[in-house]
K.L.:
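My questions will all concern the structure given below.
Predicted model only: the values in this text are computed from it and were never measured.
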Amino acid sequence: MPELRVGQRQWAVAPGSNLLDALNDAGLTVPYSCRAGSCHACLVRCLQGRPGDARPDALAADKRQQGWRLACQCSVDEDLQVAVFDPLADGLPAQVVGLDWLSPTVLRLRLAPQRPLRYQAGQHLVLWSPSGVARPYSLASLPGEEGFLEFHLDCRQPGAFCDQARQLSSASTLHLGELRGGALHYDPDWQERPLWLLAAGTGLAPLWGILREALRQAHHGPIRLLHLAHDAQEHYLAQPLTELASRHRQLQVELLTPAELPQALAALHLQSRQTVALACGSAASVEQFSRRMFLAGLPRNQIFADAFIAHA
């Protein structure tokens with residue numbers, strides 16, 4: 001049987017064992033969220049040996065050359081020595097500079113990284129709490145115009161990271177892990193095209209950044225933004241969205257509750273085959289949005305979606 005080594009520990013595992021499971025079964029508590037190769041919370045560095053890798057395209061080439069792999073996507077097929085991601089040594093320190101509630105359940109977290117971070121609207125970062133809990137969160141801030149990184153945390157349900165975030169202060173330091181780009185982005189070539197932005201809950205966070213990026217780049221086509229929230233109190237960016245719409249005539253904002261959503265989706269009619277749509281939120285909401293946009297006649301290759309996957 002192949003042997004797995006981490007630091008001074010070494011033990012045998014069954015051939016083909018999932019690397020993440022093998023590490024956690026041994027008590028090393030490697031964090032994870034999606035187990036699908038998207039969140040990048042389970043980074044490990046391979047020092048000797050080569051694991052089987054189901055998603056070799058999930059990491060950038062330079063990361064792979066340095067030995068980094070996603071444990072959830074790797075199998076132990078031969079003797080393997082790895083080092084787990086150490087946020088203190090491998091992460092970027094970031095100080096809390098803002099912590100406030102945007103609604104009864106949405107906590108806004110603002111961080112100032114130790115050095116500037118280059119990113120694009122729509123990307124997400126793995127955040128490590130002081131106690132070592134790691135979770136991926138979408139960036140809501142606008143690159144180049146704000147001196148902080150902003151995240152919107154959905155705290156409706158208890159969670160290891162959210163529970164700790166409630167206890168943070170301006171003296172707290174978090175560490176930033178892997179910066180990841182998903183499906184959501186703004187392309188300058190879309191300037192003249194109609195743009196639909198559909199968000200559920202804190203799925204609004206990356207679309208808030210993308211919306212402002214589009215307006216910053218003088219987007220000329222009509223923009224329609226729908227935000228689905230559990231109730232009216234949870235439209236946590238209602239005021240800034242309304243103010244933005246008052247300054248930009250091409251922007252239409254609709255704030256919806258679940259009872260109002262079916263009628264609003266039924267009213268989505270394609271005015272142009274050039275329309276581009278971006279959707280973000282829970283997997284169920286993204287599926288509902290995407291299905292309706294496809295039925296409205298929007299080609300699938302013009303629908304970009306990121307679904308939030310709850311940690312099991």
Side-chain angles (χ1 to χ4, degrees), residues 34 36-39 106 120-124 136 138 140 152 154 156 180-215 217 219-232 234-238 241-242 244-245 248-310:
C34 70
S38 297
C39 73
V106 177
Q120 294 180 337
Q123 290 190 281
H124 61 258
S138 295
H152 300 161
D154 182 352
R156 282 185 303 120
R180 175 70 172 157
L184 304 180
H185 65 288
Y186 179 75
D187 190 327
D189 290 340
W190 297 345
Q191 272 193 337
E192 305 296 332
R193 303 172 71 170
L195 187 60
W196 288 357
L197 306 175
L198 296 90
T202 52
L204 182 56
L207 298 185
W208 172 238
I210 287 171
L211 169 61
R212 290 179 295 146
E213 180 64 32
L215 296 173
Q217 297 200 32
H219 186 89
H220 298 303
I223 303 175
R224 187 172 186 176
L225 184 145
L226 277 64
H227 181 223
L228 172 66
H230 290 275
D231 57 57
E234 295 303 327
H235 291 299
Y236 65 91
L237 291 181
L241 282 170
T242 301
L244 208 57
H248 299 274
R249 296 181 60 184
Q250 77 270 40
L251 173 59
Q252 176 186 352
V253 174
E254 297 178 56
L255 306 177
L256 307 168
T257 60
E260 299 164 332
L261 181 63
Q263 183 177 355
L265 291 180
L268 284 177
H269 297 296
L270 202 61
Q271 301 298 321
S272 168
R273 292 281 293 179
Q274 296 301 308
T275 298
V276 175
L278 283 69
C280 190
S282 68
S285 295
V286 167
E287 174 61 26
Q288 187 177 14
F289 293 154
S290 299
R291 187 186 312 117
R292 178 55 205 167
M293 289 185 288
F294 179 72
L295 292 175
L298 193 60
R300 290 195 184 276
N301 64 356
Q302 291 168 214
I303 302 173
F304 301 87
D306 266 352
F308 293 162
I309 301 174

K.L.:
What are the two closest heavy atoms between Val286 and Gly281, and how far apart are they?
P.N.:
CG2-N, 3.5 Å
K.L.:
Using a 3.5 Å distance criterion without hydrogens, assess whether the side chain of Gln250 forms a donor-acceptor pair with backbone atoms of His219.
P.N.:
yes
K.L.:
Is a side-chain donor or acceptor of Ser282 paired with a backbone partner of Ser285 at a separation under 3.5 angstrom?
P.N.:
yes
K.L.:
Ala200 and Phe289: which non-hydrogen atoms are nearest, and at how many Å?
P.N.:
N-CE1, 4.0 Å
K.L.:
Are Trp196 and Ile303 side-chain neighbours, meaning at least one heavy-atom pair lies under 4.5 Å?
P.N.:
no
K.L.:
Using side-chain contact (heavy atoms from CB on, under 4.5 Å), reason through Leu225 and Trp208 one step at a time and then give a plain yes or no.
P.N.:
CA-CA 10 Å; Leu225 184 145; Trp208 172 238; over 6 Å; no
K.L.:
Where is the tightest heavy-atom contact between Ser272 and Pro194, given as atom of each residue plus distance?
P.N.:
CB-CG, 3.8 Å
K.L.:
Which pair of non-hydrogen atoms, one from Met293 and one from Ala279, has the smallest distance, and what is that distance?
P.N.:
CE-CB, 4.3 Å
K.L.:
Hey, would you say the Trp190 and His185 ring centroids sit under 6.0 Å apart?
P.N.:
yes
K.L.:
Indicate yes or no for a side-chain donor-acceptor contact from Glu260 to the backbone of Thr257 under 3.5 Å, with no hydrogens or angles considered.
P.N.:
yes
K.L.:
For Glu192, is the CD atom crowded, meaning more than 12 foreign heavy atoms sit under 6.0 Å from it?
P.N.:
yes
K.L.:
Please report the interatomic distance CG(Leu270) to CG(Leu295), rounded to the nearest 0.5 Å.
P.N.:
12.0 Å
K.L.:
Does the side chain of Leu228 reach to within under 4.5 Å of the side chain of Pro258, using non-hydrogen atoms?
P.N.:
yes
K.L.:
Counting only N and O atoms by type, is there a donor-acceptor contact under 3.5 Å from the side chain of His235 to the main-chain atoms of Leu256?
P.N.:
yes
K.L.:
Hey, which of Leu226, Leu278, Leu198, Leu237 is the one that makes side chain to side chain contact (heavy atoms under 4.5 Å, CB included) with Leu207?
P.N.:
Leu278
K.L.:
On a heavy-atom basis, which atom in Arg292 and which in Leu265 lie closest, and how many Å separate them?
P.N.:
NE-O, 2.8 Å
K.L.:
If I take atom CZ from residue Arg180 and atom CD from residue Gln123, how far apart are they, to the nearest 0.5 angstrom?
P.N.:
9.5 Å
K.L.:
Determine, step by step, whether Arg212 and Leu244 satisfy the side-chain contact (heavy atoms from CB on, under 4.5 Å) criterion, reporting the C-alpha distance in whole Å, the side-chain angles of both residues, the deciding distance to 0.1 Å, and the verdict.
P.N.:
CA-CA 9 Å; Arg212 290 179 295 146; Leu244 208 57; 4.1 Å; yes
K.L.:
Contact between Ser138 and Asp306 at the side-chain level, heavy atoms closer than 4.5 Å - yes or no?
P.N.:
no
K.L.:
Can you name the nearest heavy-atom pair linking Leu298 to Thr275, along with the distance?
P.N.:
CD1-O, 3.2 Å
K.L.:
Hey, is the main chain of Pro299 close enough, under 3.5 Å, to the side chain of Gln302 for a donor-acceptor pair?
P.N.:
no
K.L.:
Give a yes or no on whether the backbone of Gly181 and the side-chain of His124 come within a donor-acceptor separation of less than 3.5 Å.
P.N.:
no
K.L.:
Kindly say whether Gln191 contributes a backbone atom to a donor-acceptor pair with the side chain of Gln217 at under 3.5 angstrom?
P.N.:
no
K.L.:
Atom CG of Leu195 and atom CG of Asp187: how far apart are they, to the nearest 0.5 Å?
P.N.:
11.0 Å
K.L.:
Are Leu215 and Ile223 close enough that some pair of their side-chain heavy atoms sits under 4.5 Å apart?
P.N.:
yes
K.L.:
Can you check whether Thr202 reaches Phe308 side chain to side chain, under 4.5 Å on heavy atoms?
P.N.:
yes
K.L.:
Are the side chains of Leu211 and Tyr186 in touch, meaning some heavy atoms are under 4.5 Å apart?
P.N.:
no
K.L.:
Just wondering, do Glu234 and Arg156 contact through their side chains at under 4.5 Å, heavy atoms?
P.N.:
no
K.L.:
Let me confirm one number: the CG-NE2 distance from Leu204 to His152, rounded to the nearest 0.5 Å.
P.N.:
7.5 Å
K.L.:
Looking only at atom types and distance, does a side-chain atom of Ser290 sit under 3.5 Å from a main-chain N or O of Glu287, one as donor and one as acceptor?
P.N.:
no
